[in-house]
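Position 1 is the first residue of the sequence, and the numbers go up from there. Side chains are part of it too, since the values below use all heavy atoms of this structure and drop only hydrogens, waters and symmetry mates.
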Amino acid sequence: MTVSYWIWMLMILGAVALDWIIGDPVIIPHPIVWIGRLIGKFTKLFNTVPEKEGPSRAKGLLMWALVILITGGVTALVQWLYLKIHPVLFIAVAVWFLGTTLAEKSLRQAVENVGKALDKGDLPSARQQVGYLCGRDTSALSEHEIIRATVETTAENTIDGILAPLFYMFLGVILQHFVWFLTPLTLAMVYKAVNTMDSMTGYIQAPYTHFGYFPAKLDDVFNFPAARLGSWVMLGAGGIIGDDFKNGCRIYKRDKNNHRSPNAGHPESAAAGLLHIQIGGTNIYFGQVVEKPTIGDADEPLSAAHIKKTLGIMTASEVGLAFLGVVVYIAAIFLQMLK
């Protein structure tokens with residue numbers, strides 16, 4: 001079922017364009033929603049109360065393994081079937097499904113809704129809109145806290161929702177020549193399953209304290225390379241569009257580990273440095289106060305303009321990683337020709 005490098009590269013670029021144009025239409029069934037329902041069913045089946053550390057962690061790992069096997073298996077089977085029917089049909093289906101693993105347009109729309117509410121001075125609406133983006137308690141956030149939450153979530157989701165799926169697509173371009181089912185689409189879908197399991201169960205609060213342990217840790221593993229490569233792409237892209245690349249690098253190197261997550265601090269520190277702002281600090285999750293160190297320096301007071309600037313970094317980063325992937329591929333082909 002091996003498809004040529006060039007075809008996969010063109011399909012990946014087509015998926016990026018498709019996501020920009022149509023995003024995630026509500027009227028069309030979304031595969032990530034299907035994955036979420038699968039996770040919900042297994043969670044209901046396995047996450048029994050009261051939680052016990054050993055059994056609950058084991059059940060969480062079992063849920064993770066089953067979701068990965070089902071997601072990867074179904075994705076590989078669908079590709080094989082459509083390729084057998086007709087190559088053009090396979091390309092059309094693959095581009096569509098690749099596009100569903102990217103979230104540039106949907107994330108942009110959600111973030112812009114926060115900005116629009118702030119522009120109108122409608123704090124209740126802004127709190128509601130930012131609540132759709134993050135897991136913290138947003139019911140009493142000030143304008144400053146709303147902006148901070150939006151910038152943090154946009155920076156982190158630049159990796160989770162855009163650059164990490166692209167990273168695994170490009171990795172799949174290479175791996176599918178060694179293992180036929182490890183295609184860009186299979187890897188991107190498996191990554192989204194990993195990320196969705198973390199989003200749904202990876203909490204330190206009950207009833208997920210133990211059940212969500214492995215989904216959270218394995219999401220950290222899958223995001224480890226993408227968070228680091230993606231953050232440097234964010235720094236470069238931000239510098240190209242006019243943000244402070246030098247300060248971004250300084251803050252990134254200093255504050256990238258100022259976060260409970262081993263990965264989230266990387267894109268957040270890159271964005272904070274590029275924009276000369278300070279983010280991080282205390283938040284409330286499920287009624288519990290969570291203390292976090294700050295990231296960046298408060299050279300500029302946070303404003304709604306920083307939300308727009310973070311969106312600019314997000315989009316420029318996607319273009320940058322797509323360009324980098326193509327350049328690396330062309331360079332590899334050129335080096336092969338020289339041998």
Side-chain angles (χ1 to χ4, degrees), residues 103-162 195-196 198-209 212 216 219 234 238 243 251 255-256 258-261 263-315:
E104 199 278 344
K105 185 170 184 177
S106 59
L107 180 58
R108 172 175 292 279
Q109 289 174 333
V111 172
E112 286 177 343
N113 286 339
V114 179
K116 290 174 183 177
L118 288 175
D119 290 340
K120 295 176 182 177
D122 188 350
L123 285 185
S125 177
R127 293 181 185 120
Q128 182 181 32
Q129 294 299 328
V130 79
Y132 298 143
L133 289 167
C134 61
R136 70 191 67 173
D137 182 359
T138 63
S139 60
L141 295 184
S142 66
E143 180 176 352
H144 177 276
E145 290 170 327
I146 291 169
I147 296 169
R148 177 166 67 87
T150 306
V151 169
E152 290 171 1
T153 304
T154 305
E156 186 175 353
N157 282 323
T158 295
I159 302 295
D160 293 355
I162 302 170
N195 194 239
T196 305
D198 176 56
S199 298
M200 294 179 65
T201 66
Y203 298 101
I204 60 173
Q205 294 81 12
Y208 303 110
T209 308
D219 179 72
M234 289 173 67
D243 298 316
I251 296 297
D255 293 348
K256 62 186 178 183
N258 285 5
H259 203 286
R260 183 182 298 242
S261 163
N263 299 319
H266 286 254
E268 289 186 15
S269 59
L274 286 167
L275 301 179
H276 282 271
I277 58 175
Q278 187 175 85
I279 54 180
T282 303
N283 297 309
I284 300 176
Y285 295 89
F286 300 100
Q288 297 183 21
V289 176
V290 178
E291 299 284 350
K292 295 180 180 181
T294 58
I295 293 174
D297 296 328
D299 299 328
E300 295 184 14
L302 279 170
S303 68
H306 291 115
I307 295 176
K308 295 178 181 178
K309 289 182 178 181
T310 310
L311 282 175
I313 295 170
M314 178 189 77
T315 302

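- In this structure, CD1 in Ile147 is found 5.5 Å from CG in Leu118, a value given to the nearest 0.5 Å.
- In this structure, Thr158 and Ile313 have side chains that are not in contact, with every pair of non-hydrogen atoms separated by 4.5 Å or more.
- Between the side chain of Glu300 and the main chain of Ile277, no donor-acceptor pair closer than 3.5 Å is present.
- Partners of Asp255 by side chain to side chain donor-acceptor pair (under 3.5 Å), not counting sequence neighbours, listed by chain and number: Asn258.
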TODO: Evaluate the side-chain contact (heavy atoms from CB on, under 4.5 Å) criterion for residues His276 and Asp297: first the C-alpha distance (whole Å), next the side-chain angles of each, then the deciding distance (0.1 Å), finally the verdict.
DONE: CA-CA 6 Å; His276 282 271; Asp297 296 328; over 6 Å; no
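- Contact record, Met314 with Thr154: SD-CG2, 4.3 Å, taken as the closest heavy-atom pair.
- With values rounded to the nearest 0.5 angstrom, Leu275 atom CG is found 9.5 Å from Ser303 atom OG.
- Here His259 contributes atom NE2 and Ile279 contributes atom CD1; the two are 8.0 Å apart, rounded to the nearest 0.5 Å.
- In this structure, the side chain of Thr138 engages the main chain of Arg127 through a donor-acceptor pair within 3.5 Å.
- Listed here is the closest heavy atom pair of Ala272 and Gly296: CB-CA, 4.1 Å.
- Under the 4.5 Å side-chain criterion, counting only non-hydrogen atoms from C-beta, Arg260 is not in contact with Lys292.
- In this structure, Leu123 and Glu143 have side chains that are in contact, with non-hydrogen atoms separated by less than 4.5 Å.
- Residue Ala126 comes nearest to Ile146 through the heavy atom pair CB-CD1, 3.9 Å, listed as atom of the first residue, atom of the second, then distance.
- Atom OG1 of Thr315 is separated from atom CG of Leu107 by 9.0 Å, given to the nearest 0.5 angstrom.
- Closest heavy-atom contact between Val114 and Gln129: CG2-CB, 3.7 Å.
- Among Ile307, Thr310, Leu311, the one residue that satisfies the side chain to side chain contact (heavy atoms under 4.5 Å, CB included) test with Thr150 is Ile307.
- Under a 3.5 Å cut-off, the side chain of Ser269 and the backbone N or O of His266 do form a donor-acceptor pair.
- Rounding to the nearest 0.5 Å places CD of Glu156 at 6.0 Å from OG of Ser261.
- Listed here is the closest heavy atom pair of Gly202 and Ala216: CA-CB, 4.0 Å.
- Lys308 places none of its side-chain heavy atoms less than 4.5 Å from the side chain of Val111.
- The main-chain N or O of Ser142 is found under 3.5 Å from a side-chain atom of Glu145 such that the two form a donor-acceptor pair.
- In this structure, OH on Tyr203 lies 8.0 Å from CG on Asp198, to the nearest 0.5 angstrom.
- Inter-residue side-chain proximity for Asp160 and Asn263 is flagged as unmet; no heavy-atom pair is nearer than 4.5 Å.
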Open item on the list: Assess the residue pair Glu112 and Arg108 against the criterion (salt bridge (Lys or Arg N to Asp or Glu O under 4.0 Å)); give the C-alpha distance rounded to whole Å, side-chain angles, the decisive distance to 0.1 Å, and a yes or no.
Closed with: CA-CA 6 Å; Glu112 286 177 343; Arg108 172 175 292 279; 3.6 Å; yes
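- Considering every non-hydrogen atom in both Ile159 and Met234, the closest pair reads CD1-SD, 4.2 Å.
- Val130 has its side chain out of reach of Thr153: every pair of non-hydrogen atoms, C-beta onward, lies at least 4.5 Å apart.
- Residues Lys256 and Glu268 are not in side-chain contact: their nearest non-hydrogen atoms beyond the backbone lie 4.5 Å or more apart.
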